[in-house]
Visitor: 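Here's a structure for you.
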Amino acid sequence: MKYDFNDIEKKWQDHWAKNQTFKASNASDKPKYYVLDMFPYPSGAGLHVGHPLGYIASDIYARYKRHKGFNVLHPQGYDSFGLPAEQYAIQTGQHPALTTETNIATYRRQLDKIGFSFDWSREVRTSNPEYYKWTQWIFIQLYESYYCNDDNKAKDIKELTSIFSAEGNTTINAVCDDDTSSFSAEEWNAMSSEAQQRILLQYRLTYLAETEVNWCPALGTVLANDEIVNGVSERGGHPVIRKKMTQWSMRISAYAERLLQGLDTIDWTDSLKESQRNWIGKSVGASVTFNVKDHDATIDVFTTRPDTIFGVSFMTLAPEHELVDKITTPEQKEAVETYIEKTAKRSERDRMADVKTISGVFTGAYAEHPFTKEPIQIWIGDYVLASYGTGAVMAVPCGDQRDYDFARHFDIAIPNIFDGVDISEEAFADKDKTVIANSDFLNGMNYKKATKRAIYELEQLGQGEGKTNYRLRDAVFSRQRYWGEPFPVYYVNGMPQMIETEHLPIRLPEVEKYLPTETGEPPLGRADVWAWCTESNTVVSNDKIDNETVHPLELNTMPGWAGSSWYFFRYMEDAMREETFASKGALDYWENVDLYIGGSEHATGHLLYSRFWVKLLKDRGFVNVEEPFKKLINQGMILGTSAFVYKVRFSIDSAFDSELYKNINSDSLKRFYEFENELTRRLGNLFIPKAYLNKKNNEIENLLNVSLFKKEYVTEWSNRLSEIIGINEDRVYLKLQYIDPIHIKVDYVNASDELDIEGLKEDKEFGQDFKNAKFILEEGVYKVGREIEKMSKSKKNVVNPDAICEQYGADSLRLYEMFLGPLEQAKPWNTAGITGVHGFLKKLWKLYVGENGLNVNDAEPTKDNLKTLHKTIKKVEEDIENFSFNTSVSTFMIAVNELTAQKCTSKAVLEPLLTLISPYAPHIAEELYNRLGHNESISTAAFPTFDASHLVESSKNYPISFNGKMRFTLELPMDMNKEDIEKTVMAHEKTIAQLDGREPKKVIVVPGKIVNIVG
RNA sequence: GCUCAAGUGGCGGAAUUGGUAGACGCGCUGGAUUCAAAAUCCAGUUCUUUCGGGAGUGUGGGUUCGAUUCCCACCUUGAGUACCA
């Protein structure tokens, strides 16, 4: 009987769905195991073979854990809010919810074909109101929390208000925007409610704050930094201004230290932990306060090198520093203002990109050195960033290259405070290789000692203290978009108010367009029904706003990472209760994710925000765990093999080329280009083979020999040309201008890189018009160019898993994706190779099913049968535990090859083999298991137990090497001792031949391993 | 610039307490079967060779009886990050 994979796979997929085979239970005696994939954003393009890689890996692990007796939770869902659906809505007017619905249906259909063991009963979609109700609820918990530094955790903001009314803010130690202003209990109690709310916002873990953004008035939207080029918008070239906007922010910085420490408790890759560490950017040092001479102002700086304080020869402030105005002297005022104006035009990103240009200006003011009391020039320089530290630095040119370059450029003194170090060429930053000199009480101390002492002395003066600084900044949480979670927030007199939990969810309102309003408000500004009535606790029409009982609602929506920061808890809920985000029983049972698989692009986004929210939920008593993901694996990207055709672009070649550009005006230039385009069109689209790319342009022109090079055209062109640019020329030629590689769909290329020209021409879905294309053939075919790139729709190199399942089956797809290489590595896809694993499945089938029924019987297994089986058990178990799935596939191939050669029919061997293969190729395993007489699914069959006794050997084929090079092998008994081995080997004729009469210096014998003869 | 990862046949890759380099598969070559094709099966496939052998895991050193594996320096590629004081 034939291996009919299409029938078999359909049968078992239906069976699993109907019987809810993979539905997890929240009540089980088995130990729990939670395997999670990063849930997908359902894009319109559907899945390509790169997407399921991680899902297949996690599915193998989940199925393996079931065989091992675990109660496995393996859910799936959709991160369904996001930009593409919104952009599609802007273009077509179709509601993003509809687009999303359609895309999800496609995803589900594709996923179902691959045979995953997902528990779909727990599916979540972040854009469902039943789900985002709880995203809104978590937002409220953040709002109602502050961070207590004494207990190092978030607490209810109500505790803070009671402290304020009893003691003011002088006794508490909490994370706050502005910890300089203090008030007493009396002062607090006397404040208006509005003033109190304003203060509380400085403590809340989500808060409204003025944030500087790039605003493009012409486009009516905020632009990200990378959407701006040279101060204008990338698209359209409109001016962009820096604008302060009120935005919601998340006080993730309060958790910086815990996010850093927590990394030591989780099993993630080092590189991923390293990215998070860099992102958090902890630096330990000191803050130092400098008094400004003839002012009562002080300048705080952060430094990691307080030991170099005697090397300070100037200070630099960021141009935006608030003191700049106050301290600049009248003489320097003009120069400073000019400089600030100049730098303000450059975005921070621009400034960072341009590291070579040194610029700055002297303020005319001086600070006072805390110890020497010497005056220190205060400069402004754009190498100091306003957004890091205090926006000011104490410059130590001898120890910091940037300070050194700045000092050199502006001719400022560079005092040397390092013992025996030459600083005539560059700064000396190697802190461990010298001791401090010329530094009063620090002289002769190394970096460590001097740092400690300097901080101590600064503390004595009251002008500094030890301090730790973090690069991690609070995360802006507002988006001027439609397709995201609405905030559960309304405003009374401009102050935000939370909507009570029982009135959630606040659903997205209908809008007639998904664009910002004419006045620059977010799309929700277009909603007519978008106000909050505090009497009825309902959303009502905007025109009812009366500021008494009806109030405006928040117009921004939440960012993409809101819904994905907690979804792993929602899956734990088996009943999807409305009254809680996840019930206590479910949270207690499943705790957190044991294995999380997904892409490394989320290293500093999703994976950091999720950790932050989980810590908040833990602090506030809603969950029991400190970290969401115990073990994390990043699957590597699957690369596609792009195919290129090479389009020839022509231009007019004439003697007056140079004249042309001298005299021509913009109108005639336009007409000239139009003419060029027309000629190109008339030529048709001409494509040359890849082999031509090595040739020179004139060689290619000769080879092309197209009709448009002929004389009659030449005359016509010269007339037209004279008309356009007013110069007479009797001869005009086309010349090859450049060759344009164009991506084409890989579907039209066969394994020998030959292009299916007719197919390409008839394709309806193209960006390039191939209808009139002319392909220059070589030996009757057009060979395309190839390049390995990221698999993506835009590169037209996607391979659809549906087609693979259709042609080879889901089991082949699953095996092949694993067989490609190590899970975590990037690797190119090559569909041709799938015949290898497909052939393996056919052999496997043939091992069990013969022409006339089953080949399996109760025959006693032979020694070889058992050896093969147990060797396979051992290797596969190790491989799965190590996530080395590619090597297991090889192991299966070897096992089936061996058992076929052994003509094994023994059920005692062939049945356990099925369980080993089942996680990888579940459909064929179920089918064969069923044919062996089982009515129950193989999915919970016990994983076979390894028995080492079957692998014991009585002899060893020793490699005999000479000076470390293996020359021949020799079969010797396993229990032969060292001396006998040496004797036997030395007496062997090949040894004698190798030695060729020389006396060996030494003979190394490692019993059971190797013999090495040193000559 | 800094951090991390990786360099092995025509290709994907295998080989870890240092012990037979190239498992397994693709591709390729030859053969069987077939009217033919598909499918299947068998043999071969790192390079080189005077057929004895010799060389070989990015390059150059080192440690060792023995190095793809450990150490040092360098080169290349990929990813991340960047005036972080």
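Numbers restart at 1 for each chain; the letters A, B, ... are given by sequence-line order, proteins then strands.
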Visitor: When you compare G66(B) with G62(B), how far apart are their C1' atoms, in angstrom units rounded to a whole number?
Guide: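 After rounding to an integer number of Å, I get 15 Å for this pair.
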
Visitor: Could you work out the separation of G60(B) and C75(B) based on their C1' atoms and round it to a whole Å?
Guide: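 Here G60(B) and C75(B) have their C1' atoms 10 Å from each other.
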
Visitor: For A32(B) versus A37(B), give the span between their C1' atoms, rounded off to a whole number of Å.
Guide: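 Each nucleotide's C1' atom is 16 Å from the other's.
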
Visitor: Identify each atom pair where a protein N or O and an N or O of nucleotides 10-12 of chain B are less than 3.5 Å apart, giving names and distance.
Guide:
from, atom 1, to, atom 2, distance (Å)
G12(B), O2', Leu820(A), O, 2.4

Visitor: Give me the distance, rounded to whole Å, that separates U69(B) from G54(B) when you measure between the C1' atoms they each carry.
Guide: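 Those two atoms are separated by 24 Å.
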
Visitor: NZ/Lys273(A) to CG/Leu260(A) distance, rounded to the nearest 0.5 angstrom?
Guide: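 Between atom NZ of Lys273(A) and atom CG of Leu260(A) there are 11.0 Å.
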
Visitor: Nearest-Å distance, CD1 (Ile981(A)) to P (G19(B))?
Guide: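 Taking CD1 of Ile981(A) and P of G19(B), I get 18 Å after rounding.
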
Visitor: With rounding to whole Å, what would you report as the distance between U16(B) and C11(B) at their P atoms?
Guide: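 Rounded to whole Å, the distance is 23 Å.
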
Visitor: Give a yes or no on whether the ring-centroid distance for His369(A) and Phe310(A) is below 6.0 angstrom.
Guide: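 Between Phe310(A) and His369(A), which both carry aromatic rings, the centre distance is below 6.0 Å.
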
Visitor: Do Arg611(A) and Trp268(A) form a cation-pi contact, if we require the NZ or CZ to be under 6.0 Å from the six-membered ring centre and within 45 degrees of the ring's axis?
Guide: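 Arg611(A) over Trp268(A) ring: yes.
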
Visitor: When rounded to the nearest Å, what value does the distance between P atoms of G7(B) and U57(B) take?
Guide: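 Between the two P atoms, the distance is 14 Å.
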
Visitor: Compute the ring centroids of Tyr470(A) and Trp279(A), then answer whether they are less than 6.0 Å apart.
Guide: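 No, they do not, as the ring centres are separated by 6.0 Å or more.
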
Visitor: Within the side chain of Arg471(A), is there an N or O that forms a donor-acceptor pair under 3.5 Å with the backbone of Asn278(A)?
Guide: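 Yes, the answer is positive, given that a donor and an acceptor are paired below the 3.5 Å cut-off.
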
Visitor: Quantified in whole Å, what is the P atom distance between nucleotide U20(B) and nucleotide A6(B)?
Guide: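 Those two atoms are separated by 22 Å.
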
Visitor: Could you work out the separation of A85(B) and U77(B) based on their P atoms and round it to a whole Å?
Guide: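 These two P atoms come out 29 Å apart once rounded.
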
Visitor: Between P on A15(B) and CD1 on Ile894(A), what's the gap in Å once rounded to a whole number?
Guide: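 These atoms are roughly 11 Å apart.
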
Visitor: Kindly say whether the aromatic ring centers of Trp379(A) and Phe406(A) come within a distance under 6.0 Å.
Guide: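 That pair passes the under 6.0 Å test.
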
